[in-house]
Structures are given as structure tokens and as C-alpha cells.
Q: 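Input: one structure, supplied below.
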Protein chains: 2
Amino acid sequence: MPPKPKTEAERQQLRTLIIDAARDLFVTRGVEAVTMREIAKRIGYSATSIYLHFADKEAVLRAILDVDMLALATSLNTILQIEDPVERMQALGYGYADFALSFPNHYRLMFMAERIPCDPEKSSLQKNNAEQDAYFLLKTVVNDVYLAGRFKEELQDVDLIAQVIWAGVHGICSLEINMANDKWVNWTDISARLQLMQTVLIRGLLREPT
Amino acid sequence: MPPKPKTEAERQQLRTLIIDAARDLFVTRGVEAVTMREIAKRIGYSATSIYLHFADKEAVLRAILDVDMLALATSLNTILQIEDPVERMQALGYGYADFALSFPNHYRLMFMAERIPCDPEKSSLQKNNAEQDAYFLLKTVVNDVYLAGRFKEELQDVDLIAQVIWAGVHGICSLEINMANDKWVNWTDISARLQLMQTVLIRGLLREPT
DNA sequence: GTGTTAACTTAACGACGTTAAGTAAATTAT
DNA sequence: ATAATTTACTTAACGTCGTTAAGTTAACAC
């Protein structure tokens with residue numbers, strides 16, 4: 001039964017309601033497995049109502065990713081309090097992995113599922129803002145280590161270093177999330193794997209006197 | 001129009017025909033985007049005929065992965081000719097990455113997509129056979145480096161070492177496959193990233209006198 | 001020559017994402 | 001005050017999907 005016109009705040013509230021319901025379902029059962037009808041049922045509306053607020057299913061997903069990227073960046077921001085730049089860089093890796101392994105379906109949505117490239121133009125997040133952009137945070141932290149002269153001298157590209165560190169930690173996390181149940185491989189303890197990766201990254205990137 | 005009973009060989013031939021058609025479509029357009037009707041059309045049968053040879057769409061996918069895992073392992077086997085164990089280990093990493101980046105949709109299917117855990121019991125492939133099991137090949141190659149006494153002395157678990165190397169290379173490949181189109185990140189050259197990862201792995205894992 | 005069986009086909013089902021068409025309350029215009 | 005419009009929804013419906021059920025027809029068995 002259609003009531004009165006809604007204020008902008010009310011519309012935003014409903015948007016958030018949809019996003020939260022959809023995320024809850026996406027995260028526990030996977031994006032493909034969840035239907036629009038299901039999301040709608042959760043919040044007590046008909047399926048077609050979602051289309052009044054989002055263009056399509058993909059737009060809902062995109063909105064979720066936006067919100068969650070912000071959550072990731074925000075949660076990682078606490079590590080900025082650590083003073084030593086190398087320690088800080090390590091802590092960032094552990095914080096990132098902790099997020100990935102604590103919320104694997106979240107992480108899958110964000111970094112492992114076939115992705116809609118996220119366009120800075122269309123995102124509500126601010127790029128190059130450490131509080132909203134986890135990659136920028138990583139780059140900042142890596143840059144501090146660089147400025148402290150701790151990297152091997154031939155390493156001059158902060159983006160390159162940041163991306164290799166990201167890849168290392170992402171590799172550990174994504175293999176764990178996707179393949180841990182695979183009997184084919186004799187998996188070692190995940191924390192041992194993560195720790196060795198961090199050690200290898202540090203030893204491979206920093207100058208000798210650790 | 002339905003002809004005579006088929007020999008086992010003929011049935012196997014048709015199975016292969018389906019697998020090849022399905023792979024071709026899956027790899028270029030993604031699993032979800034390809035329909036059973038489409039696969040069938042490719043080989044000149046009706047969609048329902050596929051169900052005479054495979055239980056469902058997932059079974060087709062599983063069969064493809066089985067064949068392709070074998071193909072990957074076989075293609076990587078050539079690096080066994082390299083004599084120096086460390087060089088061999090590096091070459092394996094490059095070979096693996098070359099496969100991943102040359103056939104990204106293949107790779108996505110095999111190591112990135114939400115996976116049906118593949119059960120050694122049900123697979124036609126032999127586990128612990130270097131010609132059929134890429135992980136075993138990696139482990140063998142890593143073990144040779146271990147036996148040559150080239151790893152740092154505290155590294156005593158060959159599975160752990162192998163899994164960290166895999167994670168490193170997989171991290172580079174999977175980020176490239178999934179995120180390279182993402183404008184958010186200022187991506188550096190993929191070959192530079194791969195090379196630095198390999199260097200970092202070597203430097204982080206091997207004893208000092210490289 | 002009349003079943004029986006194997007290898008197919010077409011029809012059909014229920015569910016999906018999405019669009020079109022309808023409905024009723026609140027607002028605005030007269 | 002009431003008629004017209006707009007807003008926020010709903011139900012119906014479309015085309016497509018994976019899959020199942022129900023034919024159909026050629027080859028074989030007796």
C-alpha cells in the first residue's frame with residue numbers, strides 16, 4: 001500500500017536497507033545464488049521495488065563493494081599509529097589478511113569474484129584518501145618505508161613495491177579461501193603460510209641490516 | 001535422427017566434443033554466461049543431449065578442469081630438463097604465470113572461481129604424479145632445492161615453502177586477471193611485478209650467497 | 001515381424017532478472 | 001472542495017536459463 005512521498009533521507013534509508021539485506025545474502029551464499037526476489041522478501045518489499053533504487057543486480061553489488069571498501073580502509077587506518085615504518089607495513093599486511101580470512105565471502109566479493117572494474121568516477125569513495133582508499137593507505141605506508149631508506153637501493157618504484165606486497169598477501173588469502181578444502185594439496189597451517197610470506201617479503205625487499 | 005547404438009569409443013568421442021566446445025565458450029565468455037543450449041548448438045545437438053553424457057553443467061565444468069589440470073602439469077613438465085634446481089624453480093614460476101596470463105579464463109576456472117573442492121577419489125588424474133599433478137611437480141622442484149641445501153636453514157617444511165611460492169605467483173596472476181582493468185589502482189607493468197615477486201621469493205627463501 | 005533398446009528430439013517446468021502495466025495514497029491545481 | 005497529477009509501490013508478464021518428461025525413430029534381438 002503506497003504511502004506518501006519520501007524525503008531524501010527516507011530514500012537513502014531504504015537504499016541502505018537493500019544494501020544490507022543483499023550483502024548479508026551475497027556474503028553467506030554467493031552473488032549468483034541470491035535472487036532479487038529473495039533480497040526483496042528480506043526487507044518486506046516486492047522484487048521490483050529494488051529497481052526503483054538500483055538500476056540492476058550489479059548496481060546493488062557495486063554499492064555494497066563501495067561501502068565495504070570504505071569499511072576495510074577505515075579498519076586498517078588504526079595501524080597508522082604504529083611508529084616504526086617497517087612494523088607498520090607488516091601490521092598492515094596482517095590487518096589485511098585478518099579482514100580477508102575473517103570475512104572470506106566479503107573478501108571474495110571484493111577481490112576474487114569476476115569483477116566489475118570499479119571506476120573512480122562512479123564511486124562515492126575518495127581516491128587517494130587514506131581513510132577511504134585501502135590501496136592508497138598501503139602506498140602511503142610503503143612510501144614511508146621508502147623515505148626511511150629501508151628498501152633495497154634498486155627498488156625505486158613505490159607502486160611496484162606496494163603491488164608486489166599486496167599480491168603476496170592476497171595470494172595467501174585467496175588460495176586459503178578458495179582451495180583450503182581441496183584434498184589434493186597437503187595444506188600447511190594458514191598462519192605459518194602468512195607469516196612466512198611476510199618474512200619473505202620483508203627479507204626480499206628491505207636492505208640487509210633488518 | 002537417432003542412429004544405431006554407439007561403441008564406447010564413439011561415446012567417449014562425443015564426450016570430448018562436448019568438453020571442447022564447452023571449454024571454448026567458457027574460456028572466452030565465462031562459465032555463467034554460456035548456456036547449455038549454446039554448447040549443444042556448437043556441436044549440432046540439442047541441449048538435452050548433453051545430459052546423456054554429463055549429469056549437469058557443473059559436471060561438464062569438472063571434466064574440463066580435469067583435462068586442463070593435466071595439460072598444465074604436462075606443459076610444466078618440460079622445465080624438469082633444466083639442471084640447476086634454483087633455475088628450475090624460477091622457470092616453474094614463470095611457466096605457471098605464463099599459463100595463467102595466456103589463458104586467464106582457464107586460470108580463473110581452475111584457481112579463482114568459487115570451487116567445487118576437487119576430490120582425489122573422483123578425479124581421473126593421479127595425485128603425486130609429476131606428469132599429472134602440478135602441485136606435486138612444484139613440490140618436487142622445491143624439494144630438489146631443499147636437498148641441494150639452498151634454502152635458509154630454518155626452512156624445513158617443503159610443503160610450506162611450496163605453498164608460499166605458489167601463493168606469491170598466484171597473487172600476482174590473480175590480481176592481474178581480476179583487477180588489471182580497475183582504474184582505481186595505478187598498475188605497474190605486469191612483467192615487472194612478476195619479476196620482482198620472483199626475486200623477492202628467491203631472496204627471501206634462499207641462503208645468502210645467491 | 002514384432003518387441004526392445006539406444007540415441008536422440010521437442011515440450012514443458014519452475015525460477016531467474018527485468019519491464020510493463022496497474023493501483024492507491026498524498027500532493028497540487030483549480 | 002474536488003479533480004488532476006505524482007509518488008511509491010504492487011501484480012503480471014516476458015524471455016531465458018538449467019533441467020526433466022515425454023515422445024520419436026533407427027538398429028538390433030528373437
Side-chain angles (χ1 to χ4, degrees), chain A residues 1-65 109 113-116, chain B residues 1-65 109 113-116:
Chain A
M1 293 90 214
K4 65 176 160 191
K6 292 192 160 171
T7 67
E8 187 54 41
E10 283 171 320
R11 300 193 92 257
Q12 188 54 50
Q13 210 169 50
L14 184 45
R15 251 185 81 93
T16 308
L17 203 65
I18 294 167
I19 287 179
D20 289 343
R23 175 177 31 232
D24 207 45
L25 292 166
F26 285 174
V27 152
T28 52
R29 307 224 320 280
V31 179
E32 307 285 351
V34 174
T35 70
M36 297 297 264
R37 287 164 172 87
E38 228 172 335
I39 299 168
K41 200 170 195 178
R42 270 274 183 117
I43 57 168
Y45 284 84
S46 75
T48 50
S49 286
I50 296 174
Y51 292 87
L52 301 172
H53 300 273
F54 297 93
D56 51 23
K57 194 179 180 183
E58 185 183 301
V60 178
L61 176 57
R62 215 187 269 269
I64 294 173
L65 292 183
L109 240 56
E114 201 149 357
R115 285 179 87 249
I116 319 124
Chain B
M1 293 94 213
K4 66 175 161 192
K6 292 193 160 170
T7 67
E8 187 52 41
E10 283 172 320
R11 300 194 90 255
Q12 188 53 50
Q13 210 169 50
L14 184 46
R15 251 186 81 93
T16 308
L17 203 65
I18 294 168
I19 287 178
D20 289 344
R23 175 176 33 231
D24 207 44
L25 291 165
F26 285 174
V27 153
T28 52
R29 308 224 318 281
V31 180
E32 308 285 351
V34 174
T35 70
M36 296 298 264
R37 287 163 173 87
E38 227 172 335
I39 298 168
K41 200 170 195 177
R42 271 275 183 117
I43 56 169
Y45 285 83
S46 74
T48 49
S49 286
I50 296 174
Y51 292 88
L52 301 172
H53 298 273
F54 297 93
D56 51 22
K57 194 179 180 183
E58 185 183 301
V60 178
L61 176 58
R62 214 188 271 269
I64 293 173
L65 292 183
L109 243 54
E114 201 148 358
R115 287 179 87 247
I116 318 125

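In what follows, chains are A, B, ... by sequence order, proteins preceding strands, each numbered from 1. Computed over heavy atoms, backbone and side chain alike; hydrogens, waters and symmetry mates excluded.
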Q: What is the distance from CD of B:Q13 to C1' of C:dA7, rounded to the nearest Å?
A: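 After rounding, the gap between these two atoms is 15 Å.
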Q: To the nearest angstrom, how far is B:R37 atom CZ from C:dC8 atom C1'?
A: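 So the CZ-C1' distance, B:R37 to C:dC8, works out to 17 Å.
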Q: Please classify the nucleic acid contact of A:I39 as base, sugar-phosphate, or nothing, using heavy-atom distances under 4.0 Å.
A: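 Nothing, no nucleic acid heavy atom in range.
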Q: Output the rounded distance in Å from CD1 (A:I18) to P (D:dA8).
A: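 Taking CD1 of A:I18 and P of D:dA8, I get 13 Å after rounding.
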Q: Measure the spacing between OG1 of B:T16 and CD of B:Q12 and express it to the nearest 0.5 Å.
A: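 Rounded to the nearest 0.5 Å, the OG1-CD separation comes out at 4.5 Å.
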Q: Rounding to a whole Å, what distance do you find between A:R29:CZ and C:dA15:C1'?
A: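 So the CZ-C1' distance, A:R29 to C:dA15, works out to 13 Å.
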Q: Rounded to the nearest 0.5 Å, what separation is found between the CZ atom of B:R23 and the CG atom of B:L65?
A: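 Here the rounded value is 9.5 Å.
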Q: Could you give the distance from CD (B:E8) to CZ (B:R15), rounded to the nearest 0.5 Å?
A: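 The distance works out to 9.5 Å.
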Q: Tell me the bend of the helix from C:dG1-D:dC30 to C:dT30-D:dA1 as the angle between end helix axes, each from five pairs, rounded to the nearest 10 degrees.
A: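 Computed angle between terminal axes is 30°.
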Q: Quick one: pull up CG in A:D20 and CD1 in A:I43 and give me the separation to the nearest 0.5 Å.
A: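 Going from the CG atom of A:D20 to the CD1 atom of A:I43 covers 10.0 Å.
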Q: Would you give the length of the straight line joining atom CD1 of A:I50 to atom CD1 of A:I19, rounded to the nearest 0.5 angstrom?
A: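 Interatomic distance, A:I50 CD1 to A:I19 CD1, rounded to 0.5 Å: 11.5 Å.
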Q: Roughly how many Å is it from CD in A:E10 to P in D:dT7, rounded to a whole number?
A: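 Taking CD of A:E10 and P of D:dT7, I get 15 Å after rounding.
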Q: Contact class for A:V60 vs. all strands (heavy atom < 4.0 Å): base, sugar-phosphate, or nothing?
A: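 Counting heavy atoms under 4.0 Å across all strands, no contact is made by A:V60.
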Q: Under the salt bridge (Lys or Arg N to Asp or Glu O under 4.0 Å) rule, collect the residues that match up with B:R42, sequence neighbours excluded.
A: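 B:R42: salt bridge (Lys or Arg N to Asp or Glu O under 4.0 Å) contacts with B:D24.
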Q: Starting from P on C:dA15, measure out to CD on A:E32 and report it in whole angstrom.
A: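 Between P of C:dA15 and CD of A:E32: 19 Å.
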Q: State, to 0.1 Å, how close A:I39 and A:I18 come at their nearest heavy-atom pair, and which atoms those are.
A: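 It is CG2-O, 4.2 Å.
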Q: I need the CG-P distance between B:L61 and D:dT19, as an integer number of Å.
A: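 Rounding to the nearest Å, CG of B:L61 and P of D:dT19 are 12 Å apart.
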Q: Is there a side-chain contact between A:M36 and A:Y51 (heavy atoms, below 4.5 Å)?
A: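 A:M36 vs A:Y51: side chains touch.
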Q: Write down the distance between OH (A:Y45) and P (C:dT18), rounded to a whole number of angstrom.
A: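 Roughly 20 Å, once rounded to whole Å.
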Q: Heavy atom of residues 47-57 of chain A under 4.0 Å from DNA chain C: which residues?
A: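 By residue number: A:T48, A:Y51, A:D56, A:K57.
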Q: Pick base, sugar-phosphate or nothing for B:S46, based on heavy-atom distances below 4.0 Å to the nucleic acid.
A: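 Contact class for B:S46: base.
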Q: How far does NZ of B:K41 sit from CG of B:L25, to the nearest 0.5 angstrom?
A: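 Rounded to the nearest 0.5 Å, the NZ-CG separation comes out at 12.0 Å.
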